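The structure appears below as structure tokens.
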Amino acid sequence: MQETFIKTAKEQAIETKNLSFNYKGIPIIKGLDLKVERGSIYGFLGPNGAGKTTTIRLLLGLLSPKEGKISLLGSSLNINRGTILKKVGALIETPSLYDHLSGYDNLCVVGKYRNVGNNQIQEVLNLVKLYDSREKLVSQYSLGMKQRLGLAMALLDKPDVLILDEPVNGLDPMGIVETRQLLFELNEKYGTTIFLSSHLLTEIEKLVTHVGIINEGRLIFQGPIAELDKFSKNAAVVKIGTTDHIRAQKILQDSFGLSKVSEGSLIFPFKNLEQVNQITIKLVAAGLPVYHIEVQQDSLEKTFIKLTQKANELI
Ligand SMILES: Nc1ncnc2c1ncn2[C@@H]1O[C@H](COP(=O)(O)OP(=O)(O)OP(=O)(O)O)[C@@H](O)[C@H]1O
């Protein structure tokens, strides 16, 4: 059993099996099976209190699971903890920085105990675009600059995997764009696998390749972002206003399936816009005037909210 886990985990940067954790006997993380492919940018999404930070603390060995297994870069965290964590950079919530020191000196402090030389410090300063502000005191840095300095610290060891807890939380739109660009660059240039949490899909949907949605400690969706998009498209409907909804329903039933009448409109689920075109053509050809036509499709964010609400109803 152990062997199978490790064998499949080779393909994954992060893998958990049945990961569970309690705080004072209360289940917080419930049987989490995460699969984060190497080279992916994985958005770990969930409402406040869903268990994102707890999961991240478990992945970094800062908490011990009640049950289950964690594998990072194909090795069990239990067995090879020291070696594996050297290849993992992390930033949990706001970074701890010395305000009275410059950005450069902050990196030197961390670099010293991690045995990282000056060249690498200069490289990460360039990477996070803080080179020109390296001599400024951190107390004079904006929140976005502090966040990038925190990222620079996480990057000092050139990690293969970067684990970030809410990295854009509290940043202004410009800060969000800058962080996003930086993460893209890291992923593109160095193939760094990035696992980042957020409670807002809109903040990260342009960045991530994969999504895992956690609610009340349970994973309720995991897959490529395109699959979530497909999921939201499946919920798309077209609302049609005609003079005779009953006749319209009969005309359309054979080709397009069942519809319902609600708030004075005929409502059809549809798969693509060509279908909407065909529906209109069919109605007009049958002599039924179409007064109103409206396509309604959930945004990804709405799909995310609906998914978490639905999961709550099932619990
Ligand atoms: N030290 C603790 N002792 C007891 N319960 C805790 C502790 N830390 C977190 N919890 C509880 O565990 C649950 C998950 O918390 P966690 O911080 O992991 O959620 P989260 O998804 O990161 O939320 P947020 O987005 O608000 O940070 C919450 O119900 C929280 O109240």
Side-chain angles (χ1 to χ4, degrees), residues 13-36 41-70 72 77 85 88-97 143-144 146-147 150-151 154 161-173 175-176 179-180 183 193-208 210-223 225 228 300-315:
I14 302 173
E15 188 173 21
T16 69
K17 280 267 163 78
N18 191 32
L19 185 65
S20 306
F21 179 80
N22 290 358
Y23 268 125
K24 293 177 189 145
I26 301 166
I28 301 290
I29 303 299
K30 304 161 189 166
L32 220 56
D33 291 338
L34 288 176
K35 270 185 198 287
V36 180
I41 306 182
Y42 185 106
F44 190 44
L45 282 161
N48 291 125
K52 302 181 294 295
T53 305
T54 307
T55 303
I56 287 179
R57 287 185 186 280
L58 287 162
L59 294 180
L60 295 171
L62 301 170
L63 293 172
S64 301
K66 176 179 168 274
E67 257 179 80
K69 291 182 183 136
I70 299 172
L72 299 176
L77 186 63
L85 289 177
V88 177
L91 182 59
I92 303 187
E93 283 153 5
T94 39
S96 315
L97 304 169
L143 191 65
K146 286 182 183 174
Q147 195 68 354
L151 274 172
V161 180
L162 197 53
I163 298 182
L164 309 169
D165 192 14
E166 305 256 3
V168 292
N169 199 11
L171 296 186
D172 61 17
I176 294 179
T179 310
R180 200 187 287 152
L183 297 178
T193 306
I194 300 172
F195 178 92
L196 76 164
S197 72
S198 177
H199 58 276
L200 287 173
L201 178 57
T202 44
E203 276 181 353
I204 59 162
E205 67 177 289
K206 289 199 187 82
L207 173 67
V208 299
H210 292 72
V211 176
I213 300 179
I214 183 174
N215 191 47
E216 307 237 346
R218 280 200 178 85
L219 201 61
I220 55 171
F221 176 89
Q222 178 169 244
I225 184 102
L228 191 64
L300 275 183
E301 186 69 21
K302 203 164 173 192
T303 307
F304 163 52
I305 293 168
K306 269 190 181 170
L307 272 173
T308 48
Q309 278 169 351
K310 205 157 99 193
N312 279 343
E313 284 159 19
L314 291 173
I315 288 165

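Quick note: numbers below take in every heavy atom, side chains included, and nothing from hydrogens, waters or symmetry partners. When a ligand or atom number is given, it counts from 1 through the structure's own listing order. Keep in mind the model is a prediction, meaning the values are calculated, not measured.
- Residue-level proximity to ligand 1 for Thr53 is carried by backbone and side chain together, each with a heavy atom below 4.0 angstrom.
- In terms of protein heavy atoms, atom 1 (N) of ligand 1 is closest to Tyr23 CE2, 3.6 Å.
- Atom CD1 of Ile26 sits about 6.0 Å away from atom CD1 of Ile28, to the nearest 0.5 Å.
- Residue Ile41 forms a side-chain contact (heavy atoms from CB on, under 4.5 Å) with just one option from Val36, Ile204, Val208, and that option is Val208.
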Given Val168 and Arg180, is the side-chain contact (heavy atoms from CB on, under 4.5 Å) satisfied, shown in steps?
-> CA-CA 8 Å; Val168 292; Arg180 200 187 287 152; over 6 Å; no

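- Partners of Phe21 by ring-ring contact (aromatic ring centres under 6.0 Å, His included), not counting sequence neighbours, listed by chain and number: Tyr23.
- Side chain of Ser20 to backbone of Glu67: no donor-acceptor contact under 3.5 angstrom is found.
- Nearest non-hydrogen protein atom to atom 26 (O) of ligand 1 is Asn48 ND2, 3.1 Å.
- Residue Lys24 places no N or O, backbone or side chain, under 3.5 Å from any N or O of ligand 1.
- Regarding atom 19 (O) of ligand 1, its nearest protein heavy-atom neighbour is Gly51 N, 3.2 Å.
- Gly49 O, 3.9 Å is the protein heavy atom nearest to atom 29 (O) of ligand 1.
- Distance check, rounded to the nearest 0.5 Å: CG of Asn215 to CZ of Arg218 gives 9.5 Å.
- Contacts between Glu166 and ligand 1 below 4.0 angstrom, taking non-hydrogen atoms only, involve the side chain exclusively.
- Distances from atom 4 (C) of ligand 1 to the protein include at least one heavy-atom value under 4.0 Å.
- Within the set Thr55, Ile28, Asn169, the minimum heavy-atom distance to atom 11 (C) of ligand 1 is found for Ile28.
- Here the CG atom belonging to Leu34 is positioned 11.5 Å from the NZ atom belonging to Lys17, to the nearest 0.5 angstrom.
- Each of the following atoms of ligand 1 lies closer than 4.0 Å to a heavy atom of Thr54: 14 (C), 15 (O), 16 (P), 18 (O).
- By the ring-ring contact (aromatic ring centres under 6.0 Å, His included) test, Tyr42 is found to be paired with Phe195, residues two or more places apart in sequence or in another chain being considered.
- Residue contacts with ligand 1, taken as heavy atom pairs separated by less than 4.0 Å, involve Pro47 solely via the backbone atoms N, CA, C and O.
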